[in-house]
Amino acid sequence: MAAPSIDPEPPHKLFDTILTLDFGSQYTHLITRRLRELNVYSEMLPCTQKLADLDWKPAGIILSGGPYSVYEEGAPHADPAYFELGVPILGICYGLQEIAYRAHSENVIAGTAREYGHADLKAKRVDGHVDRLFKGLEDEMKVWMSHGDKLAKLPEGFHVIATTQNSEYAGIAHKTKPIYGIQLHPEVTHTPDGTKILENFAVGICGAKQNWTMAKFVDQEIARIRKLVGEKGQVLGAVSGGVDSTVAAKLMHEAIGDRFHAVLVDNGVMRLNECEQVKQTLSDHLGINLIVAHAGQQFLDGLKGIQDPEQKRKFIGGKFIDVFEEEAKKIEEAAAHSEKAGKIEWFLQGTLYPDVIESISFKGPSATIKTHHNVGGLPKRMTEGQGLKLIEPLRELFKDEVRELGRQLGIAHDLVMRHPFPGPGIAIRVLGEVTPERVEMARKADHIFISMIREAGLYDKIGQAFAALDPSRAVGVMGDKRVYENIVLLRAVETTDFMTANPYPFENSFLTKVATRIINEVHGVCRVAYDYTSKPPGTIELE
Ligand SMILES: Nc1ncnc2c1ncn2[C@@H]1O[C@H](COP(=O)(O)OP(=O)(O)OP(=O)(O)O)[C@@H](O)[C@H]1O
Ligand SMILES: O=c1[nH]c(=O)c2[nH+]cn([C@@H]3O[C@H](COP(=O)(O)O)[C@@H](O)[C@H]3O)c2[nH]1
Ligand SMILES: NC(=O)CC[C@H](N)C(=O)O
Ligand SMILES: [Mg+2]
């Protein structure tokens, strides 16, 4: 995982920020998402974060849900100092139980029945009106619950602000301090009024300004990069033509112009005409100084004989660095006698917030399913070997925020909405051994599939689609002749976060047309199959 970059003025110092302390719920990041959708900036930190180690003051604090029971040994607890800070606090589910438990350990017990799913919540009226947490939500509302523990008693100094049939204490508030607790999950879409509750907390109660906008972020980020890099600093960036690296590159170009050097590695396993197209888009349309390093042969030679997916990924990750290191040297040598002479000090990376969240989440990094080449090792060996410092302008953003940022920067719709494409490219879509002939078959099939998806107007409805080549062969009859040829696997998924995904439900007739074209046009293929596996248990890529 990327090392933190040096930030002179990170967003939490520029915007009113709600701090979300993560107690391990599956939904914690959604709290941050919902707040940002309200234009309120929010960051998530593990529940073990001590207030004294925080160098900024949050406008409010949210304690998330979590899988533990507050009363069990080893259960996590928030630093008591947050309760002395004087800023509003909202506990959600485990967070509510944490608030009650710290008042008295007997306040929370195991419930007799788990409450999982929908419930009808009634905000309680006091002197004729509901609490300000439920402002504008006077009527009964549908909410979503997921808990087994419950409050046995109301903590001292609190009163009830909402109930459900099963939860006497579905919402509580301190009588004099701005401390709130709710048993329901406002962050999930199954609670339709949840965003309003979060807005009432963040804006109404914490007084956070709703000024987190992409336009403002762009200006601030450009200023931040200029300050960080200085007047002469040079930045190297690995740019794939994918959304993240293109947006990061454009931002960098806006900030420092030609002192930014983008390098695209033609690794021999890119899609049809991809390198030419990326070069054209970046150089001609976006004005970015892009160098294409033609290293296809090196990659394909090194892949010879490798069957194992992890071995392929590791080889490709390592080779990428070799090529970048060579390019960095070449750029420095070429500039040696010009006014741009000097060492390249910085390395740009398109790290996104989900990567950061995964590394700081209380649950800890997830088990390694596959080594993503960029996360696995690229920056570390790169930065250590070359003594480069990392710069990560997107590390606070979610993917759809990056897309929005791309639009703000004037990047064309097609590029902004482009499906992700993994760094190891077609090499992990040719299952088993990678040979130039097999890469070519997968490449042609992929091109036909994607073109037909575009023509059918389906591209933006699909999260990611591609064709892969199976390592086995099948018998067929073509032109009255027996053939024993290759099998193409088509995969297309609907997903928003790429963590979970469902197969895209194409019409049969569409898939039949795609299969016919692939068999007719891609020499060496006699069968086409569609992959119906969701993620989990499958992953999006096949290797
Ligand atoms: N062929 C390549 N040449 C140079 N850099 C690459 C190449 N492939 C991947 N990278 C680097 O690896 C990073 C991670 O790749 P990843 O696919 O996650 O992001 P992306 O390509 O920018 O965007 P997307 O997720 O939309 O494909 C890229 O941001 C880029 O820095
Ligand atoms: O840059 C990348 N380098 C990699 O090594 C890599 N492996 C998978 N992916 C992409 O990550 C998303 C999730 O993929 P999986 O479900 O296969 O893990 C999907 O979008 C995949 O395309 C990669 N991206
Ligand atoms: N979703 C949650 O935060 C659950 C909290 C606690 N583990 C319970 O079962 O009640
Ligand atoms: Mg990519």
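This structure is a prediction, so every number in the text was calculated from the model and none was measured.
- The two residues Ile316 and Pro424 come nearest to each other via the heavy atoms CD1-CB, 3.7 Å.
- Counting only N and O atoms by type, the side chains of Tyr41 and Glu43 include a donor and acceptor under 3.5 Å apart.
- Residues Thr539 and Glu541 bring no donor and acceptor atom of their side chains to less than 3.5 Å of each other.
- Formation of a donor-acceptor pair under 3.5 Å by the Arg407 side chain with backbone atoms of Ala412 is not found in this model.
- Taken from CD1 in Ile61 to OG1 in Thr17, the straight-line distance is 12.0 Å, to the nearest 0.5 Å.
- Taking the six-membered ring for Trp and thresholds of 30 and 60 degrees, Tyr27 and His185 have ring planes more than 60 degrees apart, a perpendicular arrangement.
- Note: Leu30 CG to Glu187 CD = 6.5 Å, rounded to the nearest 0.5 Å.
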Apply side chain to side chain contact (heavy atoms under 4.5 Å, CB included) to the pair Val243 and Arg403, showing each step before the final yes or no. CA-CA 7 Å; Val243 182; Arg403 292 197 155 127; 4.2 Å; yes

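- Residues Cys206 and Ile18 form a side-chain contact, since some pair of their non-hydrogen atoms from C-beta on lies under 4.5 Å apart.
- A cation-pi arrangement, defined by a distance under 6.0 Å to the six-membered ring centre and an angle within 45 degrees of its axis, is present between Arg36 and Tyr353.
- Separating the CZ atom in Phe324 from the CD1 atom in Ile331 is a distance of 10.0 Å, to the nearest 0.5 Å.
- The minimum heavy-atom distance between Pro393 and Leu348, with the atom names listed, is CD-CD1, 3.4 Å.
- With Phe83 as the aromatic partner, Arg102 meets the cation-pi criteria of under 6.0 angstrom to the ring centre and within 45 degrees of the ring axis.
- Trp212 and Phe217 have perpendicular rings, their planes meeting at more than 60° on a 0 to 90° scale where under 30° would count as parallel.
- Sorted by first and then second residue, the salt bridge (charged side-chain N to carboxylate O under 4.0 Å, His left out) pairs with a member in residues 67-79 form an empty list; sequence neighbours excluded.
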I'd like a table of donor-acceptor pairs (distance under 3.5 Å, sequence neighbours excluded) in which one partner is a side-chain atom from residues 193-204, with atom names and distances.
{"residue": "Asn200", "atom": "ND2", "partner": "Leu133", "partner atom": "O", "Å": "2.9"}
{"residue": "Asn200", "atom": "ND2", "partner": "Lys135", "partner atom": "O", "Å": "3.1"}

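- The pair Asp400-Arg33 meets the salt-bridge criterion, since a charged nitrogen lies less than 4.0 angstrom from a carboxylate oxygen.
- Here the CD1 atom belonging to Ile62 is positioned 8.0 Å from the OG1 atom belonging to Thr32, to the nearest 0.5 angstrom.
- When atom types are taken as modelled, the side chain of Asp16 and the backbone of Lys209 share a donor-acceptor pair closer than 3.5 angstrom.
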Please lay out, stage by stage, how Arg224 and Glu396 fare under the test salt bridge (charged side-chain N to carboxylate O under 4.0 Å, His left out). CA-CA 14 Å; Arg224 185 162 77 129; Glu396 277 94 14; 3.8 Å; yes

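- Judged purely by atom type and a 3.5 angstrom limit, Lys142 has no side-chain atom pairing as donor or acceptor with the backbone of His118.
- Panel note: side chain Ser167, backbone Ala170; no donor-acceptor pair is recorded below 3.5 Å.
- For the atom pair CD of Glu221 and CE of Met214, the computed distance is 10.0 Å after rounding to the nearest 0.5 Å.
- Cation-pi contact between Lys389 and Trp346: present, with separation from the ring centre below 6.0 Å and deviation from the ring axis of at most 45°.
- The structure places CG of Leu282 at 8.0 Å from OG of Ser245, a figure rounded to the nearest 0.5 Å.
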Check against side chain to side chain contact (heavy atoms under 4.5 Å, CB included), Val70 and Tyr94: CA-CA 7 Å; Val70 272; Tyr94 185 92; 3.5 Å; yes

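- Summarising the geometry of Asp131 relative to Ala173, their closest heavy-atom pair is OD1-CB, 4.1 Å, with the distance given to 0.1 Å.
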Take His253 and Asn289, measure what side chain to side chain donor-acceptor pair (under 3.5 Å) needs, and give me the verdict at the end. CA-CA 9 Å; His253 181 71; Asn289 162 17; over 6 Å; no

Derivation and outcome, side chain to side chain contact (heavy atoms under 4.5 Å, CB included), residues Lys122 and Thr164: CA-CA 6 Å; Lys122 229 186 242 154; Thr164 65; over 6 Å; no

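- A donor-acceptor pair under 3.5 Å links the side-chain atoms of Gln464 to the main chain of Pro420, judged by distance alone.
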Under 3.5 Å donor-acceptor pairs involving side-chain atoms of residues 144-156, not counting sequence neighbours:
{"residue": "His147", "atom": "ND1", "partner": "Asp149", "partner atom": "O", "Å": "2.7"}
{"residue": "His147", "atom": "ND1", "partner": "Gln183", "partner atom": "NE2", "Å": "3.4"}
{"residue": "His147", "atom": "NE2", "partner": "Glu115", "partner atom": "OE1", "Å": "2.7"}
{"residue": "Asp149", "atom": "OD1", "partner": "Tyr71", "partner atom": "OH", "Å": "2.8"}
{"residue": "Asp149", "atom": "OD2", "partner": "Ser69", "partner atom": "OG", "Å": "2.6"}

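- Taking the six-membered ring wherever Trp is involved, the centroid distance between the rings of His419 and Tyr459 falls below 6.0 Å.
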